[in-house]
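To keep things clear, I will list the structure first and then write my remarks on it.
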Amino acid sequence: MCGRFVATTAPSDLALLFDAVLDDPFAEQFRANYNVAPTTQILTLVQTDDSANDRVLRRAHWGLLPSWSKDRKRAASMINARSETLTEKPSFRNLVARHRCVIPVDGYYEWRTVDVATGPKTPKRPYFISSPDGVALALAGLWTTWKDPERNGELVRSCAIITTTPNERLAAIHDRMPCVLDGDDIGEWLSGEPAPLHLLRAAAPERLRHYSVSTAVNTVRNNGPELIEPAETTLF
DNA sequence: CCAGACGTTGTT
DNA sequence: GTCTGG
DNA sequence: CCAGACGTTGTT
DNA sequence: GTCTGG
């Protein structure tokens, strides 16, 4: 799956990379984040209706809040959406047509849950997965808005990252992975009609690299470039 | 009709 | 909001 | 996703 | 065990 990630590329660089504009002056507040956790504000890339500068980078809370939610309590369990059931689930199916987005990340963390010949008592180890060249990845997502009753109906944007079955290499670590989009697929995902669900597939093994990192990443308050330094041994 | 769920993951 | 279960 | 709390009262 | 916070 994808439950923790890295966001260190500056918004202005993401705008260049994804041919987008920034929709509010948050660039000044940007700080590299090596430990992005659910419920925090992240950047999403969306295609807006007004065609002038129609690709926009804007903030959203990670953890989808359906418009009918009573409170934010369950947002943390909606950080991912299964690609296989996207069009069936009440929380997601209405968003597939016109609320698709891309979540730019520099990489994400995965905790190994598969025992590969090491026995069942192996301690859980975190891995960092990214592009081999370190360039930001475009993850497929869905977004929506919710009116916060505790803040006078203020609109809250939120999003979820779409997952699928992993390629054969990443299957050694985990049984899910986020859907990565490349090249023209990004534009197709953001504006294609009907929704190009065929793009929600596992990236090829050579598209991503992975290596084990320190368990320091487990604690959310730890945050720095040391979190993505390779640990002494990479088992896979 | 009303009440209650609406999600993913991992673990047992 | 909308669907399912009772 | 993992870590950490999980409680009340009264006093500072 | 289960929920909340980050």
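Labels below follow one simple rule: chain letters A, B, ... track the order of the sequence lines, proteins then strands, and each chain is numbered from 1.
Put simply, CD on A:E88 is 15 Å from C1' on B:dT8, counting in whole angstrom units. Note: NZ (A:K124) to C1' (D:dC1) measures 8 Å, nearest angstrom. Rounded to whole Å, the distance from CZ on A:R125 to P on D:dC2 is 14 Å. Following rounding to the nearest Å, A:M177 (CE) and B:dT8 (P) show an atom-to-atom distance of 18 Å. Spacing between atom CG of A:L64 and atom C1' of B:dG7 amounts to 10 Å, rounded to whole angstrom units. As rounded to whole Å, 8 Å separates atom P of B:dT9 from atom CD1 of A:I79. We find that CE of A:M1 is positioned 11 Å from C1' of D:dC2, with the value rounded to whole Å. A straight line from CG of A:L95 to P of B:dG7 spans 11 Å, rounded to a whole angstrom.
Stem regions annotated for DNA chain B: B:1-6 with C:1-6, counting only runs of 3 or more consecutive pairs of Watson-Crick or G-U type with both contacts under 3.5 Å.
A distance-only check finds no donor-acceptor pair linking the side chain of A:T219 to the backbone of A:A216 [under 3.5 Å]. Using modelled atom types, no side-chain atom of A:N80 and backbone atom of A:G3 make a donor-acceptor pair closer than 3.5 Å. Remark: the backbone N or O of A:E229 is not paired with any side-chain donor or acceptor of A:Y211 at under 3.5 angstrom.
Residues satisfying the side chain to side chain donor-acceptor pair (under 3.5 Å) test with A:E193, not counting sequence neighbours, are A:R98. Residues forming a side chain to side chain donor-acceptor pair (under 3.5 Å) with A:N33 (at least two apart in sequence, or on another chain): A:N223. The side-chain contact (heavy atoms from CB on, under 4.5 Å) search around A:A97 returns none, not counting sequence neighbours. Residues passing the side-chain contact (heavy atoms from CB on, under 4.5 Å) test with A:E188, sequence neighbours excluded: A:P196, A:H198, A:L199. For A:H61, the side-chain contact (heavy atoms from CB on, under 4.5 Å) partners at least two apart in sequence or on another chain are A:Q41, A:R72, A:V156, A:S158.
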Report all side-chain donor-acceptor pairs from residues 176-186 of chain A shorter than 3.5 Å, counting only partners two or more places apart or in another chain.
| unit_1 | atom_1 | unit_2 | atom_2 | d |
| --- | --- | --- | --- | --- |
| A:R176 | NH1 | A:E84 | OE2 | 2.9 |
| A:R176 | NH2 | A:E84 | OE1 | 2.8 |
| A:R176 | NH2 | A:E84 | OE2 | 3.4 |
| A:R176 | NH2 | A:T163 | O | 3.2 |
| A:R176 | NH2 | A:T163 | OG1 | 3.2 |
| A:D182 | OD1 | A:R207 | NE | 3.0 |
| A:D182 | OD1 | A:R207 | NH2 | 2.9 |
| A:D182 | OD2 | A:R207 | NE | 2.7 |

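Using a 4.0 Å heavy-atom cutoff across all strands shown, A:P38 reaches at least one base atom of the nucleic acid. Here A:F92 lies in heavy-atom contact (under 4.0 Å) with sugar-phosphate atoms only. Residue contacts shown for A:R93 are limited to sugar-phosphate atoms, with no base heavy atom under 4.0 Å away. Nucleic acid contact class of A:T39 (heavy atoms, under 4.0 Å, all strands): base.
Connection of A:W146 to A:V96 is not established within any shared hydrophobic cluster, with ILVMFWY side chains joined at heavy-atom distances below 4.5 Å, either directly or through further cluster members. Residues A:V220 and A:V6 do not share a hydrophobic cluster, clusters being chains of Ile/Leu/Val/Met/Phe/Trp/Tyr side chains in contact below 4.5 Å.
Taking 4.0 angstrom as the limit, A:R82 places none of its side-chain polar atoms (N or O) nearer than this to OP1 or OP2 of B:dG7.
Read 5' to 3', the first and last nucleotides of DNA chain E with an atom closer than 4.0 Å to a heavy atom of chain A are E:dT4 to E:dG6.
Rounded to whole Å, the P atom of E:dC3 lies 13 Å from the corresponding atom of B:dA5. For the P atoms, the distance from B:dT11 to E:dG1 is 13 Å, rounded to whole Å. Comparing the same atom, C1', in B:dT8 and in D:dC2 gives a spacing of 15 Å after rounding to whole Å. A distance of about 41 Å separates the C1' atoms of B:dG4 and D:dG10, rounded to the whole Å. Comparing the same atom, P, in B:dT9 and in D:dC1 gives a spacing of 8 Å after rounding to whole Å.
Heavy-atom distances under 4.0 Å link DNA chain E to no residue of residues 143-164 of chain A.
Under a 4.5 Å side-chain heavy-atom criterion applied to ILVMFWY residues, the cluster that includes A:L155 comprises that residue alone. Residues near A:L16 contribute nothing to a hydrophobic cluster around it, because no ILVMFWY side-chain heavy atom sits closer than 4.5 Å to its side chain.
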Residue pair A:M1, A:I79: steps toward the side-chain contact (heavy atoms from CB on, under 4.5 Å) verdict: CA-CA 9 Å; A:M1 66 168 315; A:I79 59 174; 3.8 Å; yes
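Residues A:R58 and A:T44 bring no donor and acceptor atom of their side chains to less than 3.5 Å of each other.
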Strictly under 3.5 Å: I want the nitrogen or oxygen pairs between protein and nucleotides 3-6 of chain B, one per line.
| unit_1 | atom_1 | unit_2 | atom_2 | d |
| --- | --- | --- | --- | --- |
| B:dC6 | O3' | A:S91 | OG | 3.3 |

